[in-house]
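One structure below.
Fair warning: this is a prediction, and the values are worked out from it, not measured in the lab. The figures here come from the full heavy-atom set of this structure, side chains too, leaving out hydrogens, waters and symmetry mates.
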Amino acid sequence: MRYLKYYLDAFHVKGPNRSLELIKLLEKNPDISNHDMAERLYGNPKSKAFSMLKARLYTRMLETISLSINFQNNPEIKDDPDSYHTIEDQKNLFFANLLKRRGQRELALDMYERVYKSSLQRGKPETRLEALVGMGSTIKDPQLYQRTILPHIEEAKQEYLTDLDAIKHFDAHRLQRAGKTSVREEELSKLEEAFQEIESRLDDFPAPRAMYLYHLLRIDYHFQKEDFKLSRKHLASLRELFDTYPGLGSKNRLGVQYIKLAAIETMTFHYQEGYESASKAQAFFKPHRHNYLVSLIYKSFASVFLGKLDACLEEINAFEEYRNFHKEMEYDVMVYVKACILYMKGELKEAYNVLTSMNSLMHDKEGWNVGLRIFEILLLIERDLKDLVPNKLDSLRKHLSKYEVEDRMNIIYKILVMLERKNYNFALTLGEMDEEMEKLKVDLPWTPMNHEIIRFDTWFEQRV
């Protein structure tokens with residue numbers, strides 16, 4: 001009601017403000033009839049002016065509701081409180097501009113200052129700039145403007161430029177990495193250049209949001225370099241940043257830090273800690289959100305290595321109802337994990353059917369594609385369908401000749417070729433390929449989180 005009164009007052013030009021009078025009349029007499037209201041305001045119960053007044057008031061009420069509607073009642077907004085605050089700031093800026101145009105300068109300044117404080121807490125310099133510009137155009141004292149507004153405008157502008165630079169690099173990295181498991185050295189070099197450039201600007205013009213993106217890039221870089229100690233260091237810095245700027249820690253960002261931790265823990269063979277971190281990450285997202293799927297994938301990897309197969313399979317099956325909310329390639333990573341679980345449970349035919357039902361992961365030519373091909377060959381051998389293996393090996397050979405893949409995959413291919421030549425005698429093959437097998441254990445060690453969920457050297461030795 002308070003905003004409605006401000007709004008009505010802002011639109012009033014001259015003469016009695018009948019709209020405000022009508023509101024006050026209704027507040028004092030909520031059961032008053034239209035007949036009595038017309039009589040009290042215009043001295044005529046059948047006044048046409050009263051009918052026109054009502055129509056105008058309904059319009060103003062609708063406009064006010066559209067500005068002050070409670071977005072918190074929207075379940076989507078509850079999942080993303082940062083969006084709610086952004087909408088609130090934009091509403092308040094709009095309302096402040098309206099009040100200023102109607103001469104309500106004190107009220108306008110109050111609204112601008114509210115937006116300024118909100119954007120400062122949440123690390124949103126672009127919104128802060130709008131608020132400062134509005135405040136500057138409202139203040140009449142030039143000395144006050146020079147002293148209190150102008151320096152902050154320059155500070156917010158530089159902070160925003162820092163943010164834009166960080167966002168540019170972060171989005172380029174995000175799009176480059178989408179759906180891929182393998183990372184080329186030149187991509188890591190570009191990533192290193194990106195965070196060094198951001199770091200250089202942060203030294204001169206600090207910005208909380210840019211700092212957040214900077215730490216994410218550093219975490220990913222060191223993770224790919226398998227320098228997990230430095231990844232953990234920047235993850236700790238990320239937590240400190242959220243403590244320093246509580247408004248920066250939106251639900252999504254708080255959840256992301258647990259996703260990063262889950263990946264680090266699982267890759268360093270701390271499966272229980274990885275499982276717990278991924279479970280914590282899940283709590284921050286709804287199932288139809290991308291990061292929920294990422295959390296579930298990491299949790300599933302950890303579950304496989306912890307032996308929690310039945311519980312993991314049950315959760316994956318329950319997640320199928322959200323399939324249409326996610327990109328096919330990302331969702332199929334989960335399907336691949338399911339195929340591996342079915343294999344580990346001894347359900348070989350079901351595992352093969354699930355594996356061959358996917359095709360989107362085959363688009364990742366240097367990563368998932370190779371892993372799926374090798375796993376399919378293992379399943380054919382396990383199911384004693386060895387007559388199908390030569391064609392699959394030849395197809396894999398052609399693929400490996402066209403794309404740059406991990407050296408580990410090339411060695412696995414060589415061992416499989418020798419196995420087929422030795423008529424699937426694992427002991428004889430091991431005698432011939434002992435040096436290659438040693439490379440898989442020492443020089444090119446297995447990592448827990450990639451397309452080789454079923455560890456090849458372990459699988460091979462168990463059959464010897």
Side-chain angles (χ1 to χ4, degrees), residues 82 123-126 159-203 205-239 241-242 248-250 252-264 266-267 278 281 284-285 289-295 297-298 326-327 329-330 333 360-361 363-369 403-406 447 449-451:
D82 185 58
K124 290 292 181 73
E126 66 274 28
E159 183 178 321
Y160 188 33
L161 290 174
T162 302
D163 274 355
L164 289 176
D165 190 53
I167 290 167
K168 175 189 70 177
H169 289 301
F170 182 81
D171 283 343
H173 170 65
R174 175 179 57 81
L175 293 170
Q176 180 70 43
R177 291 288 300 122
K180 293 172 64 177
T181 54
S182 57
V183 183
R184 295 185 177 184
E185 195 60 40
E186 57 263 33
E187 292 175 9
L188 289 175
S189 296
K190 287 181 181 178
L191 180 56
E192 185 176 14
E193 290 173 9
F195 68 67
Q196 286 176 348
E197 185 178 325
I198 298 170
E199 188 174 30
S200 175
R201 185 165 178 87
L202 281 169
D203 289 339
F205 307 106
R209 183 167 53 185
M211 188 74 75
Y212 165 75
L213 297 175
Y214 164 76
H215 285 306
L216 286 185
L217 291 176
R218 290 296 298 260
I219 291 167
D220 284 354
Y221 174 81
H222 297 301
F223 184 87
Q224 294 298 333
K225 286 283 193 180
E226 297 187 10
D227 189 341
F228 302 114
K229 184 178 179 180
L230 273 177
S231 279
R232 288 183 185 277
K233 178 184 174 182
H234 283 279
L235 189 57
S237 297
L238 201 61
R239 290 173 182 152
L241 187 68
F242 290 146
L248 187 69
S250 66
N252 184 70
R253 289 171 179 167
L254 293 172
V256 164
Q257 66 177 333
Y258 285 107
I259 289 176
K260 301 296 182 185
L261 181 59
I264 293 169
T266 304
M267 280 294 285
F284 285 91
F285 312 108
R289 295 292 187 186
H290 165 74
N291 278 333
Y292 185 94
L293 174 59
V294 176
S295 306
I297 288 172
Y298 287 172
H326 300 279
K327 293 179 180 177
M329 188 170 177
E330 293 166 346
V333 174
S360 62
L361 287 185
H363 296 302
D364 182 20
K365 302 296 184 183
E366 298 171 356
W368 292 102
N369 184 301
Y403 299 100
E404 183 180 339
V405 303
E406 305 162 59
T447 55
M449 278 200 327
N450 70 0
H451 46 78

With [X], which residues qualify under side chain to side chain donor-acceptor pair (under 3.5 Å), at least two apart?
| X | value |
| --- | --- |
| Asp171 | Arg174 |
| Tyr298 | none |
| His290 | Glu330 |
| Lys168 | Asp165 |

Mind checking salt bridge (Lys or Arg N to Asp or Glu O under 4.0 Å) for Lys225 and listing every partner two or more places apart, or none if nothing turns up? Glu185

Going by salt bridge (Lys or Arg N to Asp or Glu O under 4.0 Å), name the residues that satisfy it together with Arg209, two or more places apart in sequence or in a different chain. Glu126, Asp163

Taking all heavy atoms of [X] and all of [Y], pick out the closest pair and write down the distance.
| X | Y | result |
| --- | --- | --- |
| Leu361 | Met329 | CD2-O, 3.3 Å |
| Pro208 | Leu248 | O-CD2, 3.6 Å |
| Ile198 | Ala166 | CD1-CA, 3.8 Å |
| Ala278 | Ala262 | N-CB, 3.6 Å |
| Phe285 | Tyr292 | O-CD1, 3.4 Å |
| Gly367 | His451 | O-CD2, 3.3 Å |

Would you mind reporting whether [Y] and [X] have side-chain heavy atoms less than 4.5 Å apart?
| X | Y | value |
| --- | --- | --- |
| Leu261 | Arg239 | yes |
| Tyr214 | Leu241 | no |
| Leu238 | Ile219 | yes |
| Glu199 | Arg218 | yes |
| Glu406 | Asn450 | yes |

In terms of the angle between their ring planes, are Phe242 and Tyr212 parallel, tilted or perpendicular, with boundaries placed at 30° and 60°? tilted

Restricting to side-chain contact (heavy atoms from CB on, under 4.5 Å), what partner residues turn up for [X], sequence neighbours left out?
| X | answer |
| --- | --- |
| Ser237 | His215 |
| Ile297 | Leu293, Phe301, Val333, Met334 |
| Lys365 | Asn369, His399, Tyr403 |

If you round to the nearest 0.5 Å, how far is [atom2] of [Y] from [atom1] of [X]?
| X | Y | atom1 | atom2 | answer |
| --- | --- | --- | --- | --- |
| Leu191 | Glu186 | CG | CD | 12.5 Å |
| Phe223 | Met449 | CZ | CE | 4.0 Å |
| Glu226 | Ile264 | CD | CD1 | 12.5 Å |

Who pairs with [X] by ring pair (Phe, Tyr, Trp, His ring centres under 6.0 Å), at least two apart in sequence or on another chain?
| X | value |
| --- | --- |
| Tyr258 | Phe284 |
| His169 | none |
| Phe205 | none |

Quick one, Asn252 with Arg289, criterion side chain to side chain contact (heavy atoms under 4.5 Å, CB included). Give me CA distance, side-chain angles, the key distance, then yes/no. CA-CA 10 Å; Asn252 184 70; Arg289 295 292 187 186; over 6 Å; no

Tell me which one of Gln224, His222, Lys260 satisfies side-chain contact (heavy atoms from CB on, under 4.5 Å) with Ser231. His222

